[in-house]
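This report refers to the structure that appears directly beneath it.
Quick caveat, the model's predicted, so the values are computed rather than measured. In what follows, chains carry the letters A, B, and so on, assigned in the order in which the sequence lines appear, proteins first and then strands, with residues in each chain numbered from 1. Because only heavy atoms are used, hydrogens play no part in the values below, and waters and symmetry mates are left out as well, while side chains stay in.
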Number of protein chains: 2
Amino acid sequence: MDTHRLRYFLRIADEGSINRAANTLGIAQPALSRQVRLLEEDLGVTLFRRTARGVQLTEEGERLRATTAAPLRQLELAMRYVGSPLARVERGLHIGLPATATGILASPLLDGLSAAFPRVDFQISVASTDVLVEGMLKGAVDISVIDPVQDGRLFYHDLLVEDLVLVGGRTSDLQPGTAIEFAELARRPLILPASPSGIRTSVENTALRLKHRLQSRFSTDSLQVTKSLIEAGRGYGVLPLSACAAEIDARKLRYAPLCDPSLTRQLGVAVTANLELPRGFATRVGEIIREEAARLVGSGVWGARLSPPLSEA
Amino acid sequence: MDTHRLRYFLRIADEGSINRAANTLGIAQPALSRQVRLLEEDLGVTLFRRTARGVQLTEEGERLRATTAAPLRQLELAMRYVGSPLARVERGLHIGLPATATGILASPLLDGLSAAFPRVDFQISVASTDVLVEGMLKGAVDISVIDPVQDGRLFYHDLLVEDLVLVGGRTSDLQPGTAIEFAELARRPLILPASPSGIRTSVENTALRLKHRLQSRFSTDSLQVTKSLIEAGRGYGVLPLSACAAEIDARKLRYAPLCDPSLTRQLGVAVTANLELPRGFATRVGEIIREEAARLVGSGVWGARLSPPLSEA
DNA sequence: CCCAGTTATACCGATCCTGTATATCTGAGC
DNA sequence: GCTCAGATATACAGGATCGGTATAACTGGG
């Protein structure tokens with residue numbers, strides 16, 4: 001019943017190996033093995049199946065991970081920031097997220113942020129990059145996760161890169177194992193974002209470069225609408241897998257990777273340059289966004305690749 | 001960064017004294033003093049003001065308590081139940097709460113329950129006792145917090161007793177320091193629950209016994225409506241303080257204690273006798289409700305008195 | 001001024017954690 | 001079937017941390 005062992009356990013679950021976890025934790029492997037055994041004895045359950053290529057969570061282990069990861073993270077943040085003057089900030093902070101990242105990011109992010117900054121009311125707006133940028137320049141939005149932008153009035157830093165996949169309805173012929181060539185996209189009706197989002201420009205620029213002509217029958221800025229149109233068989237979507245994981249699990253949607261070329265979308269964190277916030281606050285919030293994203297990526301929940309972090313002076 | 005010290009810290013905060021906390025924790029006082037000092041050094045903040053009559057939380061201490069109590073409890077429950085077959089139950093559990101307890105109980109209760117039973121979808125219904133009892137007998141509601149009932153088809157056990165206060169609008173003359181006699185109630189327009197709830201019968205029976213005639217101008221089963229009517233100056237309400245703490249803090253409502261006689265309302269936990277649930281599951285859920293209530297009462301958030309617990313064989 | 005009650009300090013023994021060295025196990029490749 | 005690489009498990013010793021006992025220092029109240 002100690003955070004210590006729990007942190008070890010979670011790291012092992014992430015790494016899938018006691019050995020690798022011992023390395024990243026900076027302790028010796030036998031010590032870690034021992035802690036796992038003690039934790040298992042304490043709880044009276046087997047947490048891992050030991051194999052010759054590492055360890056694998058049992059059902060109980062998976063349950064423990066699911067129920068302890070978030071509270072443990074909240075504790076860590078709460079203790080880290082309790083001494084910080086930033087924790088005293090009383091204010092509303094307005095966070096902007098793109099629709100294609102809310103499903104995976106919103107809830108854990110709010111958990112973490114409210115643990116670190118209990119006096120702050122966090123508000124989340126879901127909108128396209130251009131709307132969020134406008135909101136930030138007006139001062140209505142404080143910090144956003146958006147597509148890359150070049151604007152001197154914003155601080156922007158890359159967060160992660162995510163592969164895009166082709167998503168179709170239940171009756172489509174898409175299979176995760178069979179990649180679809182980009183040229184094939186031109187022969188299928190596409191449902192693209194209405195506003196010039198990162199995904200849409202990525203798709204359109206590639207089409208232009210390869211001299212393909214796309215059929216875009218519908219366009220909408222609502223991810224919800226996009227997915228229901230796809231589900232109804234009205235067309236195909238180009239989306240990050242994380243944005244429709246639930247529907248794919250539920251067999252409502254199918255997907256296939258893209259190739260020749262594959263497409264990606266880049267996300268980053270942006271804050272306004274002239275923030276009326278306590279010094280360092282926005283930076284910390286940005287760090288927590290990064291940490292939360294790193295955690296989701298590291299645990300395999302978010303299939304993306306992290307961009308290199310900000311240099312830590 | 002150890003649950004150990006955090007638990008000690010929270011207990012001290014609850015008891016208001018290192019000495020008393022040491023007794024209830026079963027360790028020596030110097031050891032506990034030491035742990036507090038170490039925790040304060042770790043975090044770099046002063047958590048308590050030491051006085052000759054105990055200790056008092058500083059602002060940072062209060063913040064730490066607010067941000068760590070819930071996650072810590074979730075961790076404890078998650079670890080306690082990870083090995084239990086009950087944690088594998090996949091089912092929806094329908095919980096009934098009275099409107100006057102939801103505000104204070106719903107959120108922490110859901111936190112705790114979902115940590116203990118991750119596979120269960122908890123649904124909360126807010127209704128009056130008679131509706132909840134009916135729902136439980138029909139099997140639509142599994143477990144409820146309700147006024148005391150005598151019904152052989154239900155298992156019922158007392159949970160806590162709470163004082164009722166007179167609540168008026170912002171312009172009323174009520175003051176927390178000046179108790180209002182019951183006789184005075186008859187001279188004020190009251191807004192009482194429409195259904196025969198515990199609060200309403202308590203008020204009406206007392207009036208009958210003392211031969212007072214009440215003026216009940218409006219009645220509604222919605223606590224929301226009740227409070228907005230009171231706020232608009234349409235009348236007075238008889239409510240537990242916990243049901244309108246937020247509005248009183250916000251200076252939208254005022255209150256005064258009742259005397260001659262004072263009124264209370266009793267709450268208990270009830271489950272149907274013929275549950276189609278795994279053996280012991282409802283019992284455990286009931287225990288968690290009790291624990292959560294005890295925690296809220298112990299920390300002073302819920303100004304009520306616990307009923308004696310079930311005998312623990 | 002004294003006393004009861006509180007928190008803080010000093011020291012000691014026991015426990016738990018970690019690192020080093022080594023054993024054991026398992027799956028892949030020949 | 002055998003071997004080997006890579007993984008986890010066991011044994012033992014050193015060191016840090018925790019809790020207990022004894023005692024000091026502090027603060028209000030009578």
Side-chain angles (χ1 to χ4, degrees), chain A residues 1-62 64-65 68 72 75-76 79 300, chain B residues 1-62 64-65 68 72 75-76 79 300:
Chain A
M1 163 102 52
D2 197 357
T3 57
H4 209 110
R5 291 180 181 163
L6 263 187
R7 252 197 311 283
Y8 289 176
F9 161 75
L10 291 173
R11 179 64 66 89
I12 296 170
D14 280 355
E15 300 280 351
S17 154
I18 297 184
N19 241 331
R20 280 201 298 276
N23 286 336
T24 64
L25 286 168
I27 66 173
Q29 169 266 317
L32 199 52
S33 280
R34 205 177 113 82
Q35 293 306 315
V36 173
R37 188 169 56 78
L38 290 175
L39 180 60
E40 289 181 327
E41 285 172 6
D42 268 8
L43 299 178
V45 297
T46 303
L47 296 172
F48 293 106
R49 261 186 295 279
R50 277 75 165 172
T51 75
R53 279 196 313 282
V55 294
Q56 198 179 1
L57 283 172
T58 63
E59 188 186 340
E60 284 84 9
E62 187 53 59
L64 185 67
R65 165 151 114 163
T68 56
L72 192 63
L75 281 188
E76 284 175 358
M79 300 190 71
Chain B
M1 162 99 56
D2 198 355
T3 57
H4 205 162
R5 291 179 182 163
L6 261 187
R7 253 196 309 283
Y8 288 175
F9 160 76
L10 291 173
R11 179 64 65 89
I12 296 170
D14 280 354
E15 300 280 349
S17 153
I18 296 185
N19 241 331
R20 279 202 298 276
N23 286 336
T24 64
L25 286 168
I27 66 172
Q29 170 264 319
L32 198 52
S33 281
R34 205 176 113 83
Q35 292 306 317
V36 173
R37 187 169 57 78
L38 290 175
L39 180 60
E40 288 180 328
E41 285 172 5
D42 268 7
L43 300 178
V45 296
T46 303
L47 295 171
F48 293 107
R49 261 185 294 279
R50 277 77 164 171
T51 75
R53 278 195 315 283
V55 294
Q56 198 179 1
L57 282 173
T58 62
E59 188 187 339
E60 283 85 9
E62 188 53 59
L64 185 67
R65 166 151 113 161
T68 57
L72 192 63
L75 280 188
E76 284 176 357
M79 300 190 73

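Here the P atom of nucleotide D/dA5 and the CZ atom of A/Arg20 are 19 Å apart, to the nearest Å. The distance from atom CZ of A/Arg49 to atom P of D/dA9 is 14 Å, rounded to the nearest whole Å. One can place CZ of A/Arg5 at 5 Å from P of C/dC17, the figure rounded to the nearest angstrom. Following rounding to the nearest Å, A/Asp2 (CG) and C/dT18 (P) show an atom-to-atom distance of 10 Å. With rounding to whole Å, B/Glu15 atom CD is found 17 Å from C/dG5 atom P. Atom CG in A/Leu39 sits roughly 15 Å away from atom C1' in C/dC17 (whole-Å rounding). Atom CZ of B/Arg7 and atom P of D/dC18 are 13 Å apart (whole Å). In this entry the distance linking CD of A/Glu41 with C1' of C/dC16 reads 14 Å, nearest Å.
Between A/Arg37 and D/dT10 there is a side-chain polar atom (N or O) within less than 4.0 angstrom of OP1 or OP2. Between A/Asn19 and the phosphate of D/dT8, there is a side-chain N or O to OP1/OP2 separation shorter than 4.0 Å. For A/Gln29 and D/dT8, the shortest distance from a side-chain N or O to OP1 or OP2 is not below 4.0 Å.
Side-chain atoms of B/Tyr8 and B/Ile27, non-hydrogen and from C-beta on, do get closer than 4.5 Å to each other. The shortest distance between side-chain heavy atoms of A/Met79 and B/Leu39 falls below 4.5 Å. Here the side chains of B/Ile12 and B/Gln35 are not in contact, with every heavy-atom distance at 4.5 Å or above. Counting heavy atoms from C-beta outward, A/Leu38 and A/Glu41 have side chains that approach closer than 4.5 Å. Two residues are said to be in side-chain contact when any heavy atoms from C-beta on lie closer than 4.5 Å; B/Leu43 and B/Arg5 fail this criterion.
Shortest non-hydrogen contact noted between A/Arg65 and A/Leu57 is NE-CD1, 4.1 Å.
For B/Leu38, whose side chain is taken as the heavy atoms from C-beta onward, the closest listed nucleotide among D/dT8, C/dT7, D/dC18 is D/dC18. Distance from the side chain of A/His4 is smallest to C/dT18 among D/dG20, C/dT18, D/dA9. Side-chain atoms of B/Ser33 lie closest to C/dT7 of the nucleotides D/dG20, D/dT8, C/dT7. Closest approach to the B/Pro30 side chain among D/dT8, D/dA22, C/dT6 is made by D/dA22 (side chain taken as heavy atoms from C-beta onward). For A/Ile27, taking side-chain heavy atoms from C-beta onward, the closest of the listed nucleotides C/dG19, C/dT9, C/dT7 is C/dG19.
Summary of the strand contacts: A/Ala52 and B/Gly26 both lie near DNA chain D, and taking for each the nucleotide with the nearest heavy atom, the more 5' one is attributed to A/Ala52. Sequence order on DNA chain C of the closest nucleotides to A/Arg50 and A/Gln35 puts A/Gln35 first from the 5' end. The nearest heavy atom of DNA chain D to B/Arg53 and to B/Arg34 marks one nucleotide each, and the one closer to the 5' end goes with B/Arg34.
Across all strands shown, B/Tyr8 has heavy atoms under 4.0 Å from sugar-phosphate atoms exclusively, and none from any base. Within 4.0 Å (heavy atoms only), B/Val55 reaches sugar-phosphate atoms of the nucleic acid but no base atom. B/Leu32 comes within 4.0 angstrom of no nucleic acid atom, judged by non-hydrogen atoms across all strands.
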